[in-house]
Amino acid sequence: MSVLRQYERLSAIRDVLQGKLELYEARDCFGIDDFEDGTTNDLRDRIAELSDEISNLKRRPERYEAW
């Protein structure tokens with residue numbers, strides 16, 4: 001898979017997770033969910049992991065983009 005395709009895939013996954021996180025945070029604001037089941041923290045952790053992977057792809061030398 002090319003670096004560009006991998007970047008696009010990771011970015012799309014991160015965007016979906018960011019949307020889910022925003023929904024969970026909105027639920028908390030409205031008192032819909034009175035307990036924390038760990039989902040918010042799990043989403044934040046996964047978003048951070050994806051962001052790190054994306055950053056690593058951006059730093060990859062151009063000569064390896066053909067991989």
Chi angles and distances behind the side chain to side chain contact (heavy atoms under 4.5 Å, CB included) call for Arg44, Glu25 = CA-CA 11 Å; Arg44 284 187 182 129; Glu25 289 173 343; 2.6 Å; yes
From the list Thr39, Asn41, Asp45, Thr40, side-chain contact (heavy atoms from CB on, under 4.5 Å) partner of Leu43 resolves to Thr39
When rounded to the nearest 0.5 Å, the distance separating CG of Leu10 from CG of Asn56 is 10.5 Å
Which pair of heavy atoms, one from Ile47 and one from Arg14, lies closest together, and at what distance?
-> CG2-CG, 4.0 Å
Close side-chain approach of Arg9 and Arg5, heavy atoms under 4.5 Å | no
Can you tell me how far the CD atom of Gln18 sits from the CD1 atom of Ile13, to the nearest 0.5 Å?
-> 14.0 Å
I would like to know whether Arg46 and Glu53 meet salt bridge (Lys or Arg N to Asp or Glu O under 4.0 Å); could you show each step before the answer?
-> CA-CA 11 Å; Arg46 185 62 182 134; Glu53 288 182 52; 3.7 Å; yes
